[in-house]
Undergrad: 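Pasting in a structure now, in structure tokens, and then I'll have a few things to ask.
The figures here come from the full heavy-atom set of this structure, side chains too, leaving out hydrogens, waters and symmetry mates.
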Amino acid sequence: MTRITTVARGLITAFAAVLAATAPTATAQAKTGPHAPKDFVALRSVDPTIIQEMRYFTPHNFVGQRIDGYAQPICVLTRPAAQALHRAQTKLLRQGYTLKVYDCYRPQRAVDHFVRWAKDLDDQAMKGEFYPNVDKTRLFADGYIAEKSGHSRGSTLDVTLVKLPAKPTRPYHPGEPLVPCFAPKDERFPDNSVDMGTGFDCFDTLSHTLDPRVQGQQRANRLLLKSTLEGLGFVNLAEEWWHYTYKPEPYPDTYFDFPVSRKALTRAH
């Protein structure tokens, strides 16, 4: 019995070693091709009329390069968030506006990219536009960068308004002169959105939704977006006029890392 048990144990150990050597690790799977849960959708499949200008797929963002995890320039959201956004779009179209999204679901690897960039104090290539008045050493302390983002839970998006008929926004050319994101609208980088007082992702207190310095049409534009979305279940982040989360979130405590791509949404469930 002892001899048989010893041999059996040896075979089991050897077989386990072969499995360990050939099976991909959980970390490798997470990096190479994870898929979304079945209730994540491409926004275009729910509402094809909402404009999508996915900034983190392009170099026109505070990092200055395409961000990790953005394989395609598409907006991905949980289905409840996408459906609520569709209802908002229906209301706004009647008033002569369309929604435009800058970012939707954001993989954890993209957030990790932001964190690495924020810790590299020598990389300030985009400071002139996105954080001209903020010392980069303050990005974590002031809350502009964090190690987790609600975007990774799938029900948060960055959004603005565009007056119809929508005009195209010209592409950003890397290396072009940068203008502060809080400069007058006709001076900062051209965007076909209405004037919200600052550009998207402006690291400045002027981006606070109800900052008292933002008045007139700029404030009216912010309040139109806010009242429309909040009436349909979205909650605004007070520090960012563009940032909204649909409540209740289907995944309030889960941070996903599947890539932003159509392929991630097509897995058989």
Side-chain angles (χ1 to χ4, degrees), residues 36-47 50-56 61-62 67 69-70 74-92 97-115 140 142-162 193 196-203 205 207-211 221-258 260 264-265:
K38 63 183 179 180
D39 52 350
F40 276 75
V41 297
L43 175 61
R44 199 170 301 281
S45 69
V46 177
D47 192 317
I50 296 173
I51 298 172
Q52 299 186 28
E53 186 182 314
M54 311 310 293
R55 286 287 188 88
Y56 299 138
N61 58 64
F62 56 84
I67 304 304
Y70 288 84
I74 62 173
C75 171
V76 173
L77 290 168
T78 59
R79 186 175 296 277
Q83 291 172 334
L85 203 64
H86 167 65
R87 292 192 288 272
Q89 175 76 340
T90 300
K91 293 185 66 173
L92 288 164
Y97 295 92
T98 177
L99 292 167
K100 179 171 80 169
V101 291
Y102 294 112
D103 192 39
C104 300
Y105 158 73
R106 181 184 305 165
Q108 180 60 46
R109 70 191 75 181
V111 179
D112 295 342
H113 191 167
F114 292 165
V115 170
F140 289 102
D142 292 349
Y144 294 113
I145 300 293
E147 295 187 353
K148 293 288 185 182
S149 169
H151 282 271
S152 301
R153 302 194 296 262
S155 296
T156 294
L157 63 147
D158 296 331
V159 62
T160 189
L161 294 173
V162 175
S193 67
M196 293 289 191
T198 77
F200 165 62
D201 257 357
C202 188
F203 293 6
T205 54
S207 294
H208 293 189
T209 307
L210 300 179
D211 188 290
N221 291 336
R222 292 187 182 191
L223 293 179
L224 174 59
L225 180 64
K226 187 173 188 288
S227 62
T228 302
L229 292 180
E230 288 187 341
L232 293 167
F234 290 92
V235 176
N236 175 238
L237 178 66
E239 291 77 20
E240 298 177 355
W241 59 257
W242 55 83
H243 181 117
Y244 286 85
T245 300
Y246 180 74
K247 302 283 187 174
E249 293 183 70
Y251 300 98
D253 302 309
T254 305
Y255 296 83
F256 295 97
D257 192 40
F258 60 87
V260 178
L265 300 172

Undergrad: Just wondering, do L161 and M196 contact through their side chains at under 4.5 Å, heavy atoms?
TA: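 SC-SC contact between M196 and L161 confirmed.
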Undergrad: Indicate, with yes or no, if the rings of F40 and F256 have centres closer together than 6.0 Å.
TA: yes
Undergrad: Please name the residue in the list D47, V101, V46 that meets the side-chain contact (heavy atoms from CB on, under 4.5 Å) test with L85.
TA: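 The single option meeting the side-chain contact (heavy atoms from CB on, under 4.5 Å) with L85 is V101.
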Undergrad: From the options W241, F62, W242, select the one residue that forms a ring-ring contact (aromatic ring centres under 6.0 Å, His included) with F200.
TA: W242
Undergrad: Search all heavy atoms of Q108 against all heavy atoms of E147 and return the closest pair with its distance.
TA: NE2-O, 3.1 Å
Undergrad: For the residue pair N221 and Y97, confirm or rule out a side-chain donor-acceptor distance under 3.5 Å.
TA: no
Undergrad: Does E230 have more than 12 heavy atoms from other residues, nucleotides or ligands lying within 6.0 Å of its CD?
TA: yes
Undergrad: Do Q83 and R87 have side-chain heavy atoms sitting under 4.5 Å apart?
TA: yes
Undergrad: Nearest 0.5 Å please: distance from the CG atom of D253 over to the OH atom of Y255.
TA: 7.0 Å
Undergrad: Could you tell me which non-hydrogen atom of K226 sits nearest to which non-hydrogen atom of T209, and how far apart they are?
TA: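 Looks like CD-CG2, 3.9 Å.
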Undergrad: Do S155 and P80 come close enough that some side-chain heavy atom pair is under 4.5 Å?
TA: no
Undergrad: Verify the distance criterion only: is there a donor paired with an acceptor across the side chains of Q89 and T98 at less than 3.5 Å?
TA: yes
Undergrad: Of all heavy-atom pairs between P37 and F258, which one has the smallest distance, and what is that distance?
TA: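 So the minimum-distance heavy-atom pair works out to CD-CE2, 4.0 Å.
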Undergrad: Give me the atom names and distance for the closest heavy-atom approach of L265 to A42.
TA: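 Scanning both residues, the minimum pair turns out to be CD1-N, 3.5 Å.
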Undergrad: Taking side chain as C-beta onward, heavy atoms only, is R44 less than 4.5 Å from I74?
TA: no
Undergrad: Just by distance, do the side chain of Q52 and the backbone of C75 share a donor-acceptor pair under 3.5 Å?
TA: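 Present.
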Undergrad: Return yes if some donor-acceptor pair links the side-chain N/O of R109 with the main-chain N/O of D257 below 3.5 Å, else return no.
TA: yes
Undergrad: Are N61 and Y102 packed together at the side-chain level, in the sense that at least one heavy-atom pair is separated by less than 4.5 angstrom?
TA: no
Undergrad: For a quick test of reading the model, state the closest non-hydrogen atom pair linking S207 to T198 and the distance between them.
TA: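 Looking at all heavy atoms of both residues, the shortest contact is OG-OG1, 3.4 Å.
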Undergrad: Measure the NE2-CG distance between H86 and L77 for me, rounded to the nearest 0.5 Å.
TA: 14.0 Å
Undergrad: Do V159 and L229 come within less than 4.5 Å of each other through their side chains, counting heavy atoms only?
TA: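 A side-chain contact under 4.5 Å exists here.
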Undergrad: Which atom names give the shortest non-hydrogen contact between A81 and F234, and what distance separates them?
TA: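 Scanning both residues, the minimum pair turns out to be O-CZ, 3.6 Å.
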Undergrad: Nearest 0.5 Å, what's the CD1-SG distance between I50 and C104?
TA: 8.5 Å
Undergrad: Could you check if a side-chain atom of L99 sits within less than 4.5 angstrom of a side-chain atom of I51, using non-hydrogen atoms only?
TA: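 No. Closest side-chain heavy atoms not under 4.5 Å.
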Undergrad: Distance check, rounded to the nearest 0.5 Å: M54 atom CE versus D103 atom CG?
TA: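 One gets 5.0 Å once the value is rounded to the nearest 0.5 Å.
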Undergrad: So which of D158, T156, T245 actually passes side chain to side chain donor-acceptor pair (under 3.5 Å) with H151?
TA: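 That would be D158.
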Undergrad: Rounded to the nearest 0.5 Å, how far apart are CZ of R79 and OG of S45?
TA: 6.5 Å
Undergrad: How long is the span from the OH atom in Y70 to the OH atom in Y56, to the nearest 0.5 Å?
TA: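 Reported value, rounded in 0.5 Å steps: 6.5 Å.
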Undergrad: Ignoring hydrogens and angles, state whether a donor on the side chain of D39 or Y251 is under 3.5 Å from an acceptor on the partner side chain.
TA: yes
Undergrad: Would you call L225 and Y244 a side-chain contact if the rule is heavy atoms closer than 4.5 Å?
TA: yes
Undergrad: Determine, stepwise, if the pair V111 / R106 fulfils side chain to side chain contact (heavy atoms under 4.5 Å, CB included).
TA: CA-CA 7 Å; V111 179; R106 181 184 305 165; 3.9 Å; yes
